[in-house]
Amino acid sequence: EDGCPSLQGLRTFVINLARRPDRRAHIEALCGDLGLDHEIIEACDGRALAAQPGSGFEVVQAVEKDKRDKAGKEPSEQPSSQPRGFCGLRIRTWQARFEQDGKPTTQLLSMAEHRLKPSELTDAGHELWGAVGCSLSHQMVLKRIWDLQLQWALVLEDDATLELPAEEMKQVFAEEMQFISRNYPDWQLIYLGGSISSNVRKQVKDSWSVTPHLAAAQEVYQTHAYIIRRSLIPEILAKMGRGLAADAAFVAWTRSQKMSPTKQCLMFYPRNLLGQPGGAERWKDSDIFVEGEFFKQACVQTKGPCADGYDFASATKGRKRVRKVEIPRQALQQVPAAAPEKLQPMPSPAVHQAQTRLKKLLQDKHFPHSKKKRLELPSVLKVGTLKTFQSKLEKIVKGSEELYTMKNSALV
């Protein structure tokens, strides 16, 4: 039915690291149980990117507004070197440099500075490179959905886990999707699982409920299971290109929808259909968090399911028996700042499409010369800052769309 995805045969793209066959076995079994039409997408491995000769990272914005505590103290004045909650965070935008498909590539990512600190088991920037790989993997999947011109698709990370028996989940999903299609036909994003920000109070969360199984949610973190509509993809890709992590890009979009009269983001809440072992915690099987490496080590050392070697399924079953340990982090050496002229943000498909349309129009001999002269492409490559660069690109998009509207040309 138009506007209503069905779980049976739902086009699904699964993100899986080649070095995690244990997770692949788990997620393929889950897809089989749910009857999904799934395709494994080999994830971009941040660890492999970091190991490339000449790869590295630098600060794009060396000076940013630091989050202060309630007393107004600077982070450096905190008695503890480890930030507590959201106090004392130094949020930076980093630029990772590496090669992809034989070409020099960069990816921006915003992350708190303390998360780049090395540990006994991880090098400096471990979490940054992991998040870069995650971002690139989701970008790869979203571009594939876009290129295939799918109306919508389910995106799964390979640690997504059933929170309900498969048959019960199928029934709940079918009933709620029928409700969504009738009441919110303009939906853009549906989370099958995730964690609402701890900044949102419980009474606010409860006020978002639209059925016993569903909420019109905002500020949902984790991207292990979501259905996305094609029309939302360009905006999310643009946000990730500007440095937002995958889940943060979706959160930024939901914040922009707060005043919208229509509900376009929904979530299976209070109970997820698909969870992630460990949820929003950092102490879990994770290839991004530093704690994930220590968790895997502790699983093997603990006399239990992983005594004979680490395995995702076994670790998930015995996770609560693995004692959490304190992880000392070492000092982070000073990271150089990137020169503004080196910034090369990746334009979204919408920007590419707009540039192509504008180029075609400027080459049209029947279009008025005066309008061509006034709306020719600016020399955006000479712009010095990312913010100005993005602003120029947005003007190009808007200008080209207006031109095509004026000309009544068919849009691609």
Does [X] have any salt bridge (Lys or Arg N to Asp or Glu O under 4.0 Å) partners at least two apart in sequence or in another chain, and if so, which?
X: Glu326; answer: none
X: Glu157; answer: none
X: Glu39; answer: Arg11, Arg144

For this session: Count the heavy atoms of every other residue, nucleotide or ligand shown that sit under 6.0 Å from CD of Gln203, and state whether that count exceeds 12.
Result: yes
For this session: Could you verify whether a donor N or O on one side chain and an acceptor N or O on the other, from Tyr226 and His138, lie under 3.5 Å apart?
Result: yes
Problem set entry | Modelled atom types, side-chain donor and acceptor of Lys170 and Gln8, under 3.5 Å |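 No pair is found: no donor N or O on one side chain lies under 3.5 Å from an acceptor on the other.
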Beyond-backbone contact of [X] with [Y], side-chain heavy atoms, under 4.5 angstrom:
X: Met267; Y: Ile190; answer: no
X: Lys263; Y: Trp208; answer: no
X: His126; Y: Arg115; answer: no

Test side-chain contact (heavy atoms from CB on, under 4.5 Å) applied to [X] - qualifying residues, sequence neighbours left out:
X: Asp22; result: Arg20, Tyr310, Asp311, Phe312
X: Thr211; result: Glu176, Phe179, His213, Leu214
X: Glu99; result: Gln52
X: Ala225; result: Leu156, Leu192, Leu274

Exercise. How close do Ala249 and Lys239 get, heavy atom to heavy atom, and via which atoms?
Worked result: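 Smallest heavy-atom distance, with atoms named: O-CD, 3.4 Å.
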For this session: Provide the closest heavy-atom pair for Ala96 versus Val132 in the form atom of the first, atom of the second, distance.
Result: CB-CG2, 4.0 Å
Exercise. Which side-chain hydrogen bond (donor to acceptor under 3.5 Å, both in side chains) pairs, counting each pair once, include a residue from residues 289-300, with sequence neighbours left out?
Worked result: Arg282-Glu291, Asp287-Lys296, Glu293-Lys296
Does [X] have any side chain to side chain donor-acceptor pair (under 3.5 Å) partners at least two apart in sequence or in another chain, and if so, which?
X: Asp206; result: Lys202
X: Ser6; result: none
X: Arg271; result: none

Exercise. Between Trp187 and Arg229, is there a cation-pi geometry (under 6.0 Å to ring centre, at most 45° from the normal)?
Worked result: yes
For this session: With sequence neighbours excluded, give me every salt bridge (charged side-chain N to carboxylate O under 4.0 Å, His left out) pair touching residues 192-201.
Result: none
Exercise. Parallel, tilted or perpendicular for Phe98 and Trp129, by the 30°/60° rule?
Worked result: perpendicular
